[in-house]
Structures are given as C-alpha cells and as structure tokens.
Amino acid sequence: MKIHNTRTRQVEDFKPLHDDLVRIYTCGPTVYDHIHIGNLSSFIYADILNRCIKASGHTVKHVMNFTDVDDKTIRRSLERYPDEPPIAALKKLTKEYSNLFLSDVEAIGNSVESVDFINATDSIEAMRQLITELYKNDFAYVADDGVYFSIQKYKQSGKQYGQLTDINESNTSAARIQNDEYDKESVHDFAVWKIKKEGEPAWEFELDGQDVTGRPGWHIECSAMSVAMLGQPFDIHTGGIDLVFPHHENEIAQSTAGGGELYAKYFFHNEHLLVDGKKMSKSLNNFHTLRDIQKKGFEPLAFRLMVLQSHYRSQSNFSWDNLEAAQNRLRNWRAAADLRWQLAPDTTNSNLLEYLQNDLDTPATLAAIDQYFSIVSAPNQATLDQINSMLGINLLSDDISQAQKQLIADRLAARTAKDWNLSDKLRDDLKLAGIEVRDTDQGTIWARS
RNA sequence: GGCACCGUGGCCGAGUGGUUAGGCAGAGCUCUGCAAAAGCUCGUACAGCGGUUCAAUUCCGCUCGGUGCCUCCA
C-alpha cells in the first residue's frame, strides 16, 4: 500500500511501525455547533484510510478526539447555559454536539465502531503531565495569561520547527503581527495552557509552585491524547490540510521537545471541499450541513459517493448538480447489485483493493466498480461485500417480496396474452411500490427506483 | 508580500509525449405493443502565448484565472 506523507511530501510505501497493530490518530471536531459537509469530507477520507489499512490485512487502533474545550465551546456554553457552573455548561453543550457529530458521521457511512473517541476534558491529567515535563526541561515558560511553548528553545535543542512546511522568518511577516497582544516572548510561541479568566471553566494546575489554574491550549490536547492513547511514535496522524500549520507542527514540537525523535511516522492531510470555488466558512455563510442535503432529498450516502469521486489530495467543489450525479450513480449501483437476485452472479474475483491501495485512489476505485458492473451480468456477493467494507457503501438489500414477484409474473402473463391494459396497470402498481420493470432479452428485470 | 497547489468536453473527474478512464446529463438511431437506467452512434475536451520535439493536453518558460496555508479552522 502506498500513501502520501506530508512529512516527506512524497507518496511512500506504507510500512507500519509494528506488525501487530497500526495506530492512527485523527484530529476530530470542535463540538460547539453542527459540523458542515467540508468537515465531513475530511472524516470520510480518514475512514477510508482506516478501511484500506484493514483490508490490507492489518489490525487498526484508530483514535479521534473531541475538542470540547476552547474559545468557541466556552463562549457558546456560557451563552447557552448561563446558570450552570462553567464546566457543567461546557460538558452539556459539547455532549450535545458530539452526539450530533456521531450521528452525522454514522449517516454518511463511516465506521464509527472502529474508532475510539476521546474528550479533551477527560484527558486533562495527561496534558498537565506533558506541560510539566516541557516546563522542567525549559521548553515552556509561564507568562501572565498562560504557559507558552518556546520555539527558540526548541530550535536551540537541535530540533527543527517546520517539519511539515517551510517556516522561516521572512515569509511570516505580513499578517501575523496583530496577534501579539499576549505576553509571550516571541510571536511564534503558542499557548500550551491558558490561565483562568473569571467565569470560565478551569482545571486546577500548580506548575513549579505557581498556580496556573486554567485550561489547556488546543495543540497540547492532541499531543497529550494521541500519545496517551497510542504511545509514541504512532503510525499515522490525519487531518484537514489547514491543520498542517500551525496545529500539527506544534504537536510535533511539543511531543519531540523532551525525548522522542519521532511523533507520528506519516501525516495524512486531505484537501478542502469548496463551495462555489471558495472554502466553506462560517463568516462567508457559504457552508452546508448534512441536514441541508437531506432536506433537498439527497441521501447521506450520495454525499459520501460524491466525496469519493475526488482524490483526497485534490480540492473539490461541492455543487448540487454534482451531488445529484452521485445520487444517480448510487441508484444505478444498487440496481446493479439487485441483479444478483435475478441473474447468475459473476464467478470471477475482481480485485478492487489495489486501486485503493495506490494512495487511496478513490476515483479510480469507483471507475473500476463501474466497469465491473458493466461487464458482468450480475455482481457476486464477495465483490459487493468488498465494496461495502472498503468504501462504506452498502449496496446490499433484500430480495423483493413474494407478492411483488407474483405481480411481475402476472404482468408477464398478461403481456404474453397481449393484454396490454392489464400489463401496463401491473407495471404502474409495481412502480408505486418503488419497483420498475423492464423487458430484456434476459427476461423481465426489476430495479428499485 | 512569502510558500504551495490547480485550470481537461454541459456538470464532475482520471490520465498519457504519438493509440481519446469513468460517472452524471444531452442528441440521433435500433429494439420494444408501449415503456425502460436494453443495444448502436454522436458531440471530436485538455486556459492563453511562446519554446523543446518528428510529435504536446502530457516537458520548459511566461501570461491570465482560481484555491489553500502563513491567524481559529476539516
């Protein structure tokens, strides 16, 4: 299996760190609102990665976090539940949205049961330990409003900051100065811990005798949770391309400042799903949610298929036309799958996995599936099972009922008797039941409409 | 401003130095009592301008256009 690694900017052979278990960490959602379909596309690709590795014969441990403490979750929880204690308000809000996330992700066909989900707020102790260690080793310092990571110290220790992208002083000049309202030693330094503000949720923390009670910074959450759950190094870290810098860069810095040279062996990043050629964002109000899609009558699985039409490292554009094309393709696939009840199934083995193993080439995989359906009279169970396990698209459905089969037989009899009125009426009856029939040289074939 | 990516036929979306993936939509014909996602055929695509080459959509340069990151972000 081959996979693109952001660390090397190359497609590499995937070689797990350990034979027995492949360890994957995916940066999950910040649970303060509904996620949009751009977010979903990212989790679809992570799910496909998981499936492909499993299909290649490995056992996988896949962890995803919920960022359930940050500026947005705090602000929203205080607005929504002003009478609750801050931590209780936060938990209430984030529980609600993490459940909604899970139901969305399940609806689009992700294998939710194969991922271990973990809340940042349930891992505070691991974060305190990591920060304490960084502080003791002089990579972190205490400022007025928080504990910061020192990029300078990190570099002085011989480590490289900028392992995923080119970071240098000259190309970070224009836009970044505005954010130095904080008391940090360098604009590049980032908070690993933020000291409590009045009314905000906070966790006790004493660092070298100083009371820094407060809450974790975003980057430390993932560093602490991934290593706590998977050990260090682990195999693959996934996320959207926008997380490359600074989030993943900072995770690497935090997790390699102490001892370990390697944090994650492979970094897997997916490109964005755009709308009208632009990135989806709350501020442009150009995002859609799964609910919007469902309201227009499209299935979540059609959205999944639409996402898989694009390679994960290509930007793609969401449009309703495109979604409709995917919905139609899904319908045609199901009709092809239903042929197995009606015609002798194909007996050859088709190997669809090899397409997927080529850096998760989902467009090629879909094309191969189309071709398979076009050349066989009816697909076999093994291939349909493979499609389901590799892509999370279940095309299997039950045979039609005995009564419906009788209607089809009755229609055929009427046709043979040239009773066109009866035959057309039976065809209409079947259509009302969601079954369309057509007469072919192989006999009458039905398909669900 | 710095870094990176992209521009393929109505809409998506692969790919290759010379033989036109695939999906969806469309047109014509055939078959059919009618119908049909059944069969056949078609629209002769690769942003523009140069260059390299016997030959470029595919390599190089430039121009135009789009996107992302550099700041919270899937």
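Just so you know, these numbers come straight off a predicted model, no measurement behind them. Residue numbers start from 1 in every chain, and the chains themselves are labelled A, B, ... in the order their sequence lines are given, proteins ahead of strands.
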C1' gap between B:G23 and B:A14, integer Å
11 Å

Answer with yes or no after comparing the ring centroid distance for A:Tyr312 and A:Phe268 against a 6.0 Å cut-off, counting only values under it.
yes

Rounded distance in Å - CG (A:Asp359) to C1' (B:A14):
14 Å

Using whole Å, report how far CZ of A:Arg313 lies from C1' of B:G13.
16 Å

When the P atoms of B:A4 and B:G22 are considered, how many whole Å apart are they?
36 Å

Ignoring backbone atoms, test whether A:Thr165 places a side-chain nitrogen or oxygen under 4.0 Å from the OP1 or OP2 oxygen of B:C3.
no

Salt bridge present between A:Asp428 and A:Lys431 (N-O < 4.0 angstrom):
no

If the test is salt bridge (charged side-chain N to carboxylate O under 4.0 Å, His left out), which one of A:Arg80, A:Arg76, A:Lys72 qualifies with A:Asp33?
A:Arg76

Using atom NE2 of A:His248 as one end and atom P of B:C72 as the other, report the distance to the nearest whole Å.
14 Å

Find the partner of B:A25: check Watson-Crick (N1-N3 plus N6-O4 or O6-N4) and G-U wobble (N1-O2, O6-N3) distances, both under 3.5 Å, and reply none if neither fits.
none

Distance check, C1' atoms only: B:G48 and B:U57, in whole angstrom units.
14 Å

Salt bridge check: are A:Lys95 and A:Asp68 linked by an N-O gap of less than 4.0 Å?
no

Just call it for A:Leu366: base, sugar-phosphate, or nothing, with non-hydrogen atoms closer than 4.0 Å on any strand.
nothing

By the Watson-Crick or G-U definition, both distances under 3.5 Å, B:G1 is matched with B:C70

Calculate the interatomic distance between A:Asp439 atom CG and B:G33 atom P; express it in whole Å.
9 Å

Residue A:Leu243, side-chain heavy atoms: nucleotide from B:U32, B:A74, B:C72 that is nearest
B:A74

Nearest-Å distance, CG (A:Leu273) to P (B:G68)?
12 Å

Please compare A:His311 and A:Gln371 by the position of their nearest nucleotide in RNA chain B and report the one closer to 5'.
A:His311

May I ask you to say whether A:Asp424 pairs ionically with A:Arg411, meaning some side-chain N is under 4.0 Å from a carboxylate O?
no

Is it the case that B:G33 (base atoms only) and A:Asp424 (side chain only) share a donor and an acceptor within less than 3.5 Å, ignoring hydrogens and angles?
yes

What nucleotide, of B:G13, B:U67, B:A74, holds the atom closest to the side chain of A:Ser316?
B:G13

Contact class for A:Arg331 (heavy atom, under 4.0 Å): base, sugar-phosphate, or nothing?
base

Do the side chain of A:Ser423 and the base of B:G33 come within less than 3.5 angstrom through a donor-acceptor pair of N or O atoms?
yes

Mind checking if A:Asp70 touches a base, just sugar-phosphate, or nothing, with heavy atoms under 4.0 Å?
nothing

Are A:Met280 and A:Leu274 side-chain neighbours, meaning at least one heavy-atom pair lies under 4.5 Å?
no

Closest nucleotide of RNA chain B for A:Asn317 versus for A:Ala325: which of these residues is on the 5' side?
A:Asn317

If you look at every strand shown and take non-hydrogen atoms under 4.0 Å, does A:Asn328 touch a base, only sugar-phosphate, or nothing?
sugar-phosphate

Rounding to the closest angstrom, what is the interatomic distance between B:C42 and B:U20 at atom P?
12 Å

Checking base pairs now: Watson-Crick or wobble, both atom distances under 3.5 Å. What partners B:A38?
B:U30

Write down the distance separating the P atoms in B:G7 and B:C60, rounded off to the nearest Å.
13 Å

Considering only the C1' atoms, how many Å lie between B:C11 and B:G39, rounded to the nearest integer?
26 Å

Using a heavy-atom cut-off of 4.0 Å across all strands, would you classify A:Asp370 as base, sugar-phosphate, or nothing?
sugar-phosphate

Selection from B:C12, B:G68, B:C34 that lies nearest to any side-chain heavy atom of A:Gln309
B:C12

For the pair A:Phe149 and A:Phe139, name the ring-plane relationship: parallel under 30°, tilted 30 to 60°, perpendicular over 60°.
parallel

Check the distance between B:A4's C1' and A:His4's NE2 and give it to me in whole angstrom.
11 Å

Counting only side-chain heavy atoms from C-beta out, which of B:A14, B:A74, B:U67 sits nearest to A:Asn39?
B:A74

Touch check for A:Gly38, heavy atoms < 4.0 angstrom, all strands: base, sugar-phosphate only, or nothing?
base

Rounded to whole Å, how long is the line connecting atom CD of A:Glu271 with atom P of B:C69?
9 Å

Nearest to side-chain heavy atoms of A:Arg427, which nucleotide of B:G68, B:C12, B:A35:
B:A35

Proximity to the side chain of A:Arg411 - top-ranked nucleotide from B:A25, B:C34, B:U67:
B:C34

I want to verify a distance call: between B:G22, B:A74, B:G23, whose nearest atom is closest to the A:Thr30 side chain?
B:A74

Look at all strands and tell whether A:Lys279 reaches a base, only sugar-phosphate, or nothing, counting heavy atoms closer than 4.0 Å.
base

Can you tell me if the side-chain N/O atoms of A:Asn332 get under 4.0 Å from OP1 or OP2 in B:G23?
no

Of B:G22, B:A14, B:A35, the nucleotide closest to the side chain of A:Arg438 is B:A35

Remember a base hit wins even if backbone is also touched, and classify A:Glu436 as base, sugar-phosphate or nothing at under 4.0 Å, heavy atoms.
base

Out of B:G13, B:C72, B:U67, whichever nucleotide has its closest atom nearest the side chain of A:Lys72:
B:C72

Whole angstrom is fine here: how far is it from CG in A:Leu164 over to C1' in B:C69?
12 Å

Using Watson-Crick or G-U wobble geometry with both distances under 3.5 Å, which nucleotide pairs with B:U20?
none

Which listed nucleotide (B:C11, B:G68, B:U32) is nearest to the side chain of A:Arg415?
B:U32

Answer yes or no on whether A:Lys92 is positioned over the face of A:Tyr81, meaning its NZ or CZ is under 6.0 Å from the six-membered ring centre and within 45° of the axis.
yes

B:G50 versus B:U19 - spacing of their P atoms, nearest Å
22 Å

For B:C62, which nucleotide is its Watson-Crick or G-U wobble mate, given both distances must be under 3.5 Å?
B:G48

Same-atom distance (P) from B:G13 to B:G68, integer angstrom:
15 Å

Ring center gap for A:His219 and A:His248 short of 6.0 angstrom:
no

For B:A14 and A:Ser314 - does any side-chain N or O of the residue sit under 4.0 Å from the phosphate oxygens OP1/OP2?
yes

